[in-house]
Amino acid sequence: MRIVRLPRKSALEQLNKTLEAAIESALRTAQHDGDLPQFEIPRIPVSPPKRAGQGDWAYPAMGLARLARKSPLDIARLIVDRLPMLDFAGKTEVAPPGFINCTIADDYLRKQIDAILAAGQSFFRLDIGAGKRAQVEFVSANPSGPITIGHSRNAVVGDAMARLLEAAGYAVQREYYYNNAGNQMIILGKSLQLRTLQELGEDAPLPADHYQGEYLVDIARDLVAERGESLRGENWRFFKDAAEQVMFRWIKRSLAAINIQHDAFFNETSLFESEQIWSVLDAMRENGHVYQAAHWEGADADEIADVRAKGYEPAVWFRSSSFGDEKDRVMVKSDGVPTYTLPDIAYHADKLRRGFDIAVNVLGTDHFSQAAVVEYGIRALGMEPAPIEVIFLQMVRAVRWNEGLGEFEAVKQSKRAGEFDTLDDLVAMTSADAVRYHMLARSPNSQLDFDVDQVVKQSNENPVYYIQNAYVRCAGIFREAAERGICDTDADLSLLGESELRFVRKALEIGNVIEQAVRHYEPQKIAFFAQELAGVFHPIYDEVRVLHSEVPAETAKARLRFYRAAKAIFRYLLDLMGMSAPERM
RNA sequence: GCCUCUGUAGCUCAGCGGACAGAGCACCGGUCUUCUAAACCGAUGGUCGCAGGUUCGAGUCCUGCCAGGGGCGCCA
């Protein structure tokens, strides 16, 4: 009989692999003994069962029935009889219709408590990203206005993804891509100029296509306070730069309020200045994917007639249709100005050249077709787009229940005309933690109605408080314990009961959750998990007392040690979600 | 016209091809001389939108419908 040693890191996923290997080896032994016919053993993963009493892992032997020409129950028994000793495994049972159920050894769970406390925040860190670099590009709003509610979801999801990648072992860079050169920025500058002139007492009406937002009035007022009459002589460029500066300060402050900071800011303009867009275009041309024409090669009669009617001169086209696009795309307009497609391709090519193993891009679904065109462009350059992964976010809106209508309706925060819903408004209405949690706790491809009343409710109706309260309750125990002079040195963890071990068991899933979140780009998984873990915690807190007259001193010590680990675990999860861990509420 | 997402309890949502489909809320009934009850315990509640298919096994995969949301299309 062989002894399979425990992997050094003890995330459940690694135990899964070990158990799977042990089962496979048992099957081989059975084949070797002649109890099972020879067949190639398919990989059937072990998985956590759905209900209690079915152990911690389930292996469905039903999948082998046909190959082995035996009943699933018989196969399961054959495996169990030949299973090597596993020092983390407890009971192993066979259950109809052919499951093998295996539990984690209690002793193993107890050891994890000390292991968690010894390793601290690094306990759950995975090595799947060790030595690899990842980039998350998110928010990427142009500095023409404040961060909106839509951007907020992007910000939260992007930052959570970055934190999860870090937890998985990647070196992560957070990047913000923006364009301050377009027509919109010129209009922004001119809008600020007009607002400034208004502040100086001139009759300078703001055209309808200019920025109506009241925030420009605030900026104008500040400018006037600082520079006064001398502003009359400045042109729109001055105001554009001024507006941009203030906007970026504002954007960064708004993001910082929900615990988000970017490492790098990439300006689209730099791609023009470095002439990268032209070298990218040349490379695509050399590869034969670019042509000049008045209309695209596959245009039908209607399109050609339309082009003639508009009198377009020849433009530079990218033959994206040869990569699967429904039509070709213009890269450089007939007036010589590139469309947004060219810099987008150049930017992503630049990103790939910087050598990231993973480059996550968080985008709204309005970028769906554009993202595909960028991918075709990368292929046209002869580059491999595989490292680029896009998380598409569906719409988000802030809503409030309308009792009269009997339905949710969108919150129109605009106290002042022209102002839209901003992240700042949202945080003011709710809280940074509520925004972080609720913006995260939904699949990116589901639409999200952010209920501004629900998210601040202080009950277990609201996961924000429910999760944080688990941490607060732990903290409370330690405050009280310190006052009474009770500590947990030399705690004997064999005094812990079934409930405490149930919590540890659940907590050990964190590694799996992180891995799954990272592999499938589903950062919301961690939010759901945190709520589940809190749901395991609260009944235990109720039942398993530390500082109670009927609890023996040694038991109290052991329990205190348990709560120390629980506290560390909730702290870790809250950090992972960018939320605060309050000591009291 | 094309693309995309969603449809699971009254509501908001989980659910990696596996065992009797889960949680919170709401509703009903309980629990504070014990580390804060912002909590806990219990009960009620389901033809997983519909129809086929693949599979030993489908809420999960495939196809087609139905319903609802969002986007793109026009050299922006």
Heavy-atom contacts, protein to nucleotides 54-60 of chain B, under 4.0 Å, summarised as B (base), S (sugar-phosphate only) or - (none) per nt, yield --B--B-
A correct 5'-to-3' footprint of nucleotides 1-6 of chain B, with B, S and - meaning base, sugar-phosphate only and no protein heavy atom under 4.0 Å, is -SSSSS
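For the pair Met585(A) CE and A37(B) P, the interatomic distance rounds to 12 Å; values are reported in whole Å.
Ring-plane geometry between Tyr541(A) and Tyr563(A) is classed as perpendicular, the angle between the planes exceeding 60 degrees on a 0 to 90 degree scale with a lower cut at 30.
At A38(B), none of the side-chain N or O atoms of Arg584(A) fall inside 4.0 Å of OP1 or OP2 (strictly under the cut-off). A close approach under 4.0 Å does occur between a side-chain nitrogen or oxygen of Tyr466(A) and OP1 or OP2 of C40(B). The side chain of Tyr312(A) places an N or O atom within less than 4.0 Å of a non-bridging phosphate oxygen (OP1 or OP2) of C75(B). Phosphate contact (OP1/OP2 of C13(B), side-chain N/O of Arg442(A), threshold under 4.0 Å): present. Residue Lys310(A) places no side-chain N or O under 4.0 Å from the OP1 or OP2 atom of C74(B).
Salt bridge absent: Arg479(A) and Glu483(A) never bring a charged side-chain N and a carboxylate O closer than 4.0 Å.
In this structure, the aromatic ring of Phe99(A) is positioned over the six-membered ring of the base of A19(B), centres within 5.5 Å and planes within 30°.
G68(B) and C5(B) make up a base pair, with Watson-Crick or G-U wobble contacts both under 3.5 Å.
To the nearest whole angstrom, the two P atoms, one in A76(B) and one in G7(B), are 35 Å apart.
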